[in-house]
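Everything on this sheet refers to the single structure shown next.
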Amino acid sequence: MTEDLLSKTFSPSEIEPKWYGFWLKNGYFSGGEHKTGREYSIVIPPPNVTGSLHMGHALNNTLQDILVRYHRMNGFNTLWMPGMDHAGIATQNVVERQLAQEGLSRNDLGRENFVERVWEWKEHSGGVIINQLKRLGCSCDWDRQRFTMDKGLSQAVREVFVRLYEEGLIYKGDYIVNWCPRCHTALSDLEVEHHETQGSLWHIKYQIEDSDEFLVVATTRPETMLGDTAVAVNPSDPRYSSFVGKQAILPIVGRKLKIIADPIVAMDFGTGALKVTPSHDLTDFELSVKHDLARITIMDADAKINEQGIHFHGMDRYACREQIVAELQEKGFLEKVTPYTVGLGKCYRCKEVVEPLISKQWFVRVEPLAKEALAAVQQGKTRIIPDHWVKTYYEWMNNIRDWCISRQIWWGHRIPAWTCQECGEIAVSSTTPLRCPKCDGINLKRETDVLDTWFSSALWPFSTMGWPEKTPLLETFYPTSCLVTGFDILFFWVARMMMMGIKFMGDVPFKDVYIHALVRDEHGKKMSKSLGNVIDPLMVMDKYGTDAFRFTLAALAAQGRDIRLSENRIEGYRNFVNKLWNSARFTLPHCRKINAGAGLSDFSDFSLPERWLISRLNKTIETVKNAIESYSFNDAAQALYEFCWHEFCDWGLEISKIPLADKDPNVSSRSAAVLIHTLDALLRLLHPFIPFVTEEIASKLTPGVEPIIKGPYPVPDKSLIDERAEDDMRFLMALITSIRNLRAEMNVAPSRSLPVVVACASTGQIDLIRNNLPMVLNLGRISGIDIYELTGGSTPPSNSVTAVVSGARVYIPLSGIIDPEAEIERLNKELQKIKAEYESVEKKLRNNDFISKAKPEAIQKQQNRKTELSTKLSGLQDALEKTLAIKNS
RNA sequence: GGGCGGGUAGCUCAGCGGGAGAGCAUCGGCCUUACAAGCCGAGGGUCACAGGUUCAAAUCCUGUUCCGCCUACCA
């Protein structure tokens with residue numbers, strides 16, 4: 001056989017690149033462009049061009065690859081569309097940092113040169129993650145790889161923008177937005193992270209005009225008082241009702257502020273009086289709309305106080321706060337300061353504290369789009385799995401706010417809008433307009449803002465397939481079958497793809513959305529409980545192999561739970577891969593026993609263990625199929641682990657050693673055929689999870705046959721499920737286990753072969769043992785077995801240890817070896833356990849309510865248990881009495 | 001403030017109405033010619049707490065408590 005399979009341990013690094021290259025070269029990853037009626041497609045959640053593989057990616061893409069390989073093997077025309085997004089802010093930050101090292105800013109370069117520079121960066125350093133995904137074994141259709149800044153995708157972005165604008169679903173307006181003073185751009189609500197921070201609540205006295213009375217307001221941001229234009233109280237607050245309509249005087253500044261009443265003001269918070277700063281607070285902005293209040297902006301784009309800020313002009317917002325508090329104090333306007341925890345909004349990219357600021361921005365009016373996206377899920381056009389996310393999705397869709405899509409950066413899709421310098425008309429067009437559509441002027445100035453990266457990501461499921469062209473690819477693969485993603489981008493991405501897909505394709509972008517857990521790690525977040533250390537997927541793959549890593553992720557991917565990855569676990573699955581490898585080392589040499597291509601159907605009269613193994617295999621196939629199709633990756637992995645190790649290897653292979661050595665070629669080749677059939681099926685079942693090692697083994701097992709990546713995937717055959725064989729094997733296995741158990745308990749070395757006596761409860765048991773004698777002898781490591789029927793009147797051997805299995809009594813004569821004292825103790829312990837169990841069953845069956853109300857199957861089960869336990873009990877009792885007699889003799 | 005998820009063996013986690021499970025760790029015995037990354041055995045849990053529903057609850061309901069996450073205009 002093949003020499004390279006002789007190595008005792010599996011070496012992943014030698015075969016992984018070989019097979020990946022082979023698959024790639026032969027084009028197995030590409031989807032066909034003509035519809036077959038059995039299509040399966042997935043679009044990858046595009047990683048950032050700046051990104052590198054972390055555990056989240058590894059999990060996400062492993063699961064996708066499992067689905068894709070599974071369906072491909074099942075004969076589906078399969079497409080896994082890969083690509084990256086341009087990550088506007090993140091990428092710009094990376095390149096700006098580079099420039100800073102050269103002592104340059106982006107403004108030194110100018111827009112065009114800067115963008116050029118970003119492209120250069122992208123070509124040389126961007127997208128390292130793509131090779132890492134290949135390393136992970138991802139079977140993406142790489143020839144179709146897309147990038148959100150591609151020509152085609154950019155065209156799609158323009159087209160969508162123009163159409164939404166023409167329908168009035170995109171508008172430009174002055175509005176308060178989240179402004180990052182460091183990135184110098186607006187952020188959408190979703191891009192702001194809230195962190196609890198210790199702050200203070202300053203109570204400031206605002207004097208009522210023409211009186212000695214004061215209205216005390218409480219604020220966490222005293223510096224914003226420079227922009228106050230009103231004070232608000234709750235209309236039903238008796239403390240302040242007399243003030244409503246009057247004027248308050250803004251301390252230090254001296255401006256007169258209208259005192260208004262609005263129910264939004266919480267009476268029980270702070271003093272119940274709210275200072276209103278429309279230009280620097282979202283709620284206040286909304287109040288200003290409602291009550292027609294003036295808006296005074298007091299900060300610039302750097303969050304420094306502007307010329308509206310009297311003598312604070314030019315100060316940083318925090319310096320200003322200190323100064324203003326000091327001045328209030330000094331002048332007697334500060335009533336008190338109390339400690340207070342505030343939820344500070346920070347930029348998700350750079351963690352700078354976000355400043356609410358009024359500016360001209362572009363927005364998508366999402367409500368009409370959201371309605372459709374909501375309905376699609378309600379109507380079941382798209383399923384969200386696990387379904388508890390449905391509620392979250394509804395919640396968000398129902399409370400959705402307009403989406404700020406303009407960003408004041410240079411890297412991204414520049415908004416296709418031009419303002420006429422003559423008449424002020426705004427022209428929005430997918431092609432560059434030469435003249436103003438209104439006044440025909442030629443002096444048009446293009447919008448400088450670019451679009452939120454998520455705007456282009458929202459189009460991903462169809463823009464990657466060639467939209468707005470009507471391509472065969474779209475025709476074949478849209479809507480996609482499934483989207484696999486983490487819940488952290490449910491709103492950012494999934495919801496928006498739903499809206500855009502329905503709007504522009506007239507159909508949902510995916511039939512299923514599978515939302516997986518998060519792997520704890522990343523920004524120092526605890527991953528292992530003890531240390532806050534991050535496990536690098538690449539390190540894991542180097543150390544344990546890609547297959548072991550993938551299998552670990554799949555095995556841990558239980559629905560609705562976060563994954564906490566431990567290296568121990570990976571090591572365990574590395575051992576599993578090795579176990580599989582070694583089972584192949586055992587099986588392979590037997591290939592030559594059977595004719596090439598011989599299958600199970602070429603044999604008949606299978607032995608009991610053979611029928612058992614095939615039956616178990618088919619049940620496993622069924623389990624795995626159901627598990628994968630319901631996204632229960634962990635169940636599939638577990639079933640495969642269990643079958644492979646504890647049934648195929650522990651029993652199947654061990655038992656086969658006897659028939660394989662049989663002189664009768666019929667017997668040995670039949671046994672070999674069963675093993676090879678099982679191993680082949682197992683490799684195919686496992687291939688989506690551990691593609692490399694399975695392909696390697698399969699190539700040796702059935703050389704010349706098509707690589708297993710092409711399938712077929714095993715299908716369960718109900719006719720091969722043999723319950724009788726499983727029952728019979730269960731008895732024999734229990735018998736063997738009990739023999740092993742007895743000898744271990746008695747500390748008998750495995751090398752010492754012993755005789756055994758079995759008193760069977762039925763002739764059926766006798767036959768079973770007789771017919772499978774070599775197996776029992778071999779696996780039980782016994783020299784001989786004396787079998788008779790329990791009711792036959794034979795006396796059991798004296799001086800023996802005893803166990804009871806399905807009514808059969810197993811004796812191992814150990815004269816001179818056993819210590820009656822120890823055996824009595826052992827039997828007593830066992831008796832205790834069984835007795836307790838028996839009593840609980842007995843109690844249940846004595847309960848009339850149980851008998852009358854429980855399901856018949858449940859009652860039957862308990863009755864079976866009772867008889868089982870009672871025979872075991874009496875067997876043990878007998879043994880105990882005998883041993884006691886020996887002791888006393 | 002609202003919502004969601006979780007507290008099961010020493011550790012990491014499955015199970016989610018009818019006999020408490022896995023991997024790792026621990027203990028004992030084995031170089032049994034595929035595998036010591038292995039083989040054969042063993043020990044270990046009032047399933048967070050308190051009530052309730054049910055013939056039956058780790059599993060369903062209610063409350064308490066402790067963690068984690070998401071969300072929100074209480075300044």
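Values in this document were obtained by computation on a predicted structure and should not be read as measured data.
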Sticking with atom [atom1], work out how far [N] lies from [M], rounded to a whole angstrom.
N	M	atom1	value
rC69(B)	rA75(B)	C1'	26 Å
rA9(B)	rG43(B)	C1'	11 Å
rC16(B)	rG21(B)	C1'	13 Å
rG52(B)	rG44(B)	P	32 Å
rA14(B)	rG29(B)	C1'	30 Å
rA58(B)	rU46(B)	C1'	12 Å
rA57(B)	rG17(B)	C1'	6 Å
rC47(B)	rA42(B)	C1'	23 Å

So which nucleotide from [options] ends up closest to the side chain of [X]?
X	options	result
Ala854(A)	rA37(B), rC74(B), rC55(B)	rC55(B)
Asp650(A)	rC40(B), rA75(B), rC35(B)	rC40(B)
Arg401(A)	rC73(B), rA75(B), rG19(B)	rC73(B)
Lys657(A)	rA37(B), rA34(B), rC74(B)	rA34(B)

- With sequence neighbours excluded, residues passing ring-ring contact (aromatic ring centres under 6.0 Å, His included) with Phe648(A):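 By the ring-ring contact (aromatic ring centres under 6.0 Å, His included) rule, Phe648(A) matches no residue at all.
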Counterpart base for [N], defined by Watson-Crick or G-U wobble contacts under 3.5 Å:
N	answer
rC35(B)	none
rG43(B)	none
rC69(B)	rG3(B)
rC49(B)	rG63(B)

Sugar-phosphate only, base, or nothing, as touched by [X] at under 4.0 Å among non-hydrogen atoms:
X	value
Asn568(A)	sugar-phosphate
Ala744(A)	sugar-phosphate
Arg826(A)	nothing
Arg740(A)	sugar-phosphate
Gly545(A)	nothing
Glu395(A)	nothing
Val265(A)	base
Thr392(A)	nothing
Lys843(A)	nothing
Arg221(A)	nothing
Leu653(A)	base
Phe648(A)	nothing
Asn578(A)	base

- Item | Verdict with supporting geometry, Gln860(A) and Asn864(A), side chain to side chain donor-acceptor pair (under 3.5 Å) | CA-CA 6 Å; Gln860(A) 188 58 46; Asn864(A) 293 345; 3.0 Å; yes
- Judged by modelled atom types alone, do Lys336(A) and Thr338(A) share a side-chain donor-acceptor pair under 3.5 Å?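 The criterion, which ignores hydrogens and geometry beyond distance, is not satisfied for Thr338(A) and Lys336(A).
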- How about Asn575(A) and Glu571(A): does a side-chain donor come under 3.5 Å of a side-chain acceptor? no
- So does Glu654(A) reach the base of rA34(B) with its side chain, donor to acceptor, closer than 3.5 Å? yes
- Ignoring hydrogens and angles, are the base of rC35(B) and the side chain of Lys8(A) linked by a donor-acceptor pair under 3.5 Å? no
- Note on the structure: Nearest-nucleotide check on RNA chain B, Lys861(A) vs Ile736(A); residue mapping nearer the 5' end is Lys861(A)
- Want to settle it: does Lys391(A) or Ile851(A) sit nearer the 5' end of RNA chain B, counting the closest nucleotide to each? Lys391(A)
Measuring from [X]:[atom1] to [Y]:[atom2], what's the distance to the nearest 0.5 Å?
X	Y	atom1	atom2	result
Glu745(A)	Arg826(A)	CD	CZ	5.5 Å
Ser806(A)	Arg730(A)	OG	CZ	9.5 Å
Leu274(A)	Asp284(A)	CG	CG	5.5 Å
Leu686(A)	Thr694(A)	CG	OG1	7.0 Å
Ser13(A)	Phe692(A)	OG	CZ	11.5 Å

- Task: Rounded off to whole Å, could you give me the CG-to-P distance for the Leu518(A) and rG6(B) pair?
- Result: 15 Å
- Between atom NZ in Lys275(A) and atom P in rC73(B), what is the gap in whole Å?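 Taking atom P of rC73(B) as the reference, NZ of Lys275(A) is at 18 Å.
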- Can a cation-pi geometry be assigned to Lys872(A) and Tyr838(A), taking NZ or CZ under 6.0 Å from the six-membered ring centre and within 45° of the ring axis? no
- Message: Can you pull out the residues from residues 637-646 of chain A that lie within a 4.0 Å heavy-atom distance of RNA chain B?
- Response: Gln638(A), Tyr641(A), Trp645(A), His646(A)
